[in-house]
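A short write-up of the structure that comes next.
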2 protein chains.
Amino acid sequence: MMITKFSTTTLADKVEEQIIEYIKKNSLVPGDSLPNEMQFVEMYGISRNVVREALSRLRMLGLIQTRTKRGIIITEPSLLNGFRKIIDPHLLSTKTIKEMMGMRIVLEIGVAEFLFANINDSDILELEQIVSRQQAIGINNLSIEDEMVFHAKIYKIAGNNFISQFNEIMHPVFVFARHNYESYFKPVSEELNKLGEIVTHNNLLEKIKKRDKYGYQNAIRGHLKPYWEFIYNYPKIKIE
Amino acid sequence: MMITKFSTTTLADKVEEQIIEYIKKNSLVPGDSLPNEMQFVEMYGISRNVVREALSRLRMLGLIQTRTKRGIIITEPSLLNGFRKIIDPHLLSTKTIKEMMGMRIVLEIGVAEFLFANINDSDILELEQIVSRQQAIGINNLSIEDEMVFHAKIYKIAGNNFISQFNEIMHPVFVFARHNYESYFKPVSEELNKLGEIVTHNNLLEKIKKRDKYGYQNAIRGHLKPYWEFIYNYPKIKIE
DNA sequence: TTATTCTATTTGTAGGACAAATGTAACAAA
DNA sequence: TTTGTTACATTTGTCCTACAAATAGAATAA
């Protein structure tokens with residue numbers, strides 16, 4: 001098998017780069033307008049198709065908006081648009097999925113900083129409602145969507161919209177992973193259960209009520225233990 | 001001023017969506033090939049230009065590769081390609097920049113989990129070298145690039161490539177912020193200095209050597225205090 | 001001054017043409 | 001038969017022209 005020649009840069013690739021460069025060079029900010037298509041055609045000596053391909057990409061990323069007659073306007077890009085589009089777990093390697101899980105653990109632990117800085121009594125009330133609803137369902141019947149409600153609320157309290165979005169976008173990866181690698185996750189969960197090491201949302205909530213940040217971070221670590229195991233040990237099955 | 005009608009979905013938008021849908025519906029994975037351009041033209045009853053615009057976007061995201069005669073092949077997308085392209089700090093609102101800073105704090109705190117799980121003696125040796133080189137330069141002469149070398153190494157030890165990349169991509173935002181909001185950061189730093197609360201890389205390294213995770217997380221919090229201040233207090237200047 | 005109409009401009013879409021690359025088949029040579 | 005070469009057909013990459021749809025701004029009317 002030949003080594004893949006990956007040097008297939010098209011004109012659209014170059015023009016895309018040039019236009020981004022143009023924005024930076026001229027210190028354009030959201031609200032400013034760009035040259036129109038034909039001007040780019042003349043500037044770079046290429047066909048309108050190519051310009052349109054490049055602009056189409058920037059449009060998708062939310063970097064520009066286009067309107068007839070008005071031309072092209074720069075907008076504040078929605079940072080995670082591209083990310084959202086391509087996160088199809090089926091397309092990700094196990095390595096990448098492990099990295100997503102690592103990201104999840106890091107975010108959950110780190111976000112506790114902001115969680116405990118911001119939380120107030122009414123937040124705790126809402127968390128209690130979520131938890132009691134979930135206890136009614138029963139821990140074993142909890143779907144991953146139910147599971148996520150609690151964590152989404154945590155992120156919301158932490159007050160960082162970007163991180164909330166990020167977590168929401170990664171969510172399908174975890175759903176997929178726990179389904180696709182069920183033969184791994186199931187015995188791990190059972191083992192943890194046997195050892196009495198399952199950490200529930202209620203356990204997390206207890207720490208939150210006590211405003212015990214370190215306790216919470218510890219508990220989160222336990223709560224996400226199956227991911228940790230997966231990252232370090234898959235495909236071997238082993239619990240320390 | 002009129003309310004912006006944002007419903008300008010073009011055919012390219014729709015076709016892009018359709019093709020992503022096509023991939024999911026048919027459970028295609030990296031290595032599989034897609035219908036060629038003309039087949040999409042017929043499938044959706046549109047012009048080749050539109051198909052090419054849509055494919056051009058997917059190509060940019062790293063979701064597909066195209067080669068003459070061979071057609072279109074699905075590849076594992078590089079998750080952060082789109083993100084990397086649009087992170088131009090000039091285009092970001094202060095709100096978004098604050099969110100990036102929050103992300104930075106969360107990552108640095110959270111990544112300590114993996115840092116302390118993975119670190120070995122040779123890593124510590126390398127960290128010592130980095131720190132002593134930086135001490136030679138002097139803390140006040142440290143450029144933000146120098147500053148970043150230490151943290152990049154931390155992420156590398158933690159062993160999550162995605163997070164490393166993520167941090168690297170966000171880096172210019174911090175460079176920009178500290179430059180653009182210098183009138184805020186400078187007095188904050190001076191105030192911290194007066195209070196003797198500056199946390200250096202050397203301080204961090206001490207905690208690492210003692211394998212003191214909680215101490216490290218605490219120290220990181222201090223190290224990133226200016227960002228924390230910015231998030232909560234900008235444009236007001238205030239240190240608790 | 002205000003409301004309406006008209007016009008010119010700009011993006012969105014379609015379709016044709018050809019160049020460049022290359023997988024595949026046909027053929028030739030060992 | 002196997003291997004190497006050549007020719008062909010297919011597919012992407014680029015360019016071009018044309019027209020529809022939308023609309024900012026000018027011209028006009030009330």
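Every chain is numbered from 1 and lettered A, B, ... according to where its sequence line falls, protein lines coming before strand lines. No experiment lies behind these values; they were computed from the predicted model shown.
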Lys NZ or Arg CZ of B:R104 over B:Y227 ring: under 6.0 Å, within 45°: no
Nucleotide nearest A:S47 (side chain, heavy atoms from C-beta), chosen from D:dC16, C:dA17, C:dT13: D:dC16
Rounded distance (Å) that lies between atom P of D:dG25 and atom NZ of A:K69: 8 Å
Residue-phosphate contact under 4.0 Å: B:R59 side-chain N/O, D:dG13 OP1/OP2: yes
All ring-ring contact (aromatic ring centres under 6.0 Å, His included) counterparts of B:H90, not counting sequence neighbours: B:F176
Spacing of B:I72 atom CD1 relative to C:dT22 atom P, expressed in whole Å: 16 Å
Gap between atom CG of B:L63 and atom CD1 of B:I74 - 0.5 Å precision: 6.5 Å
side-chain N/O B:R52 vs D:dG13 OP1/OP2, d < 4.0 Å: yes
Side-chain donor-acceptor pairs of residues 143-150 of chain B under 3.5 Å, sequence neighbours excluded:
from	atom 1	to	atom 2	distance (Å)
B:S143	OG	B:E145	N	3.3
B:S143	OG	B:D146	N	3.1
B:S143	OG	B:D146	OD2	3.2
B:D146	OD2	B:S143	N	3.3
B:E147	OE2	B:H151	NE2	3.1
B:E147	OE2	B:H201	NE2	3.3
B:E147	OE2	B:H223	NE2	3.0

Check: A:N49 side chain, D:dG13 base, donor-acceptor under 3.5 Å: no
Separation of D:dG25 P from A:R67 CZ (nearest whole Å): 11 Å
Residues within residues 32-46 of chain A bordering DNA chain D, heavy-atom distance below 4.0 Å: A:I46
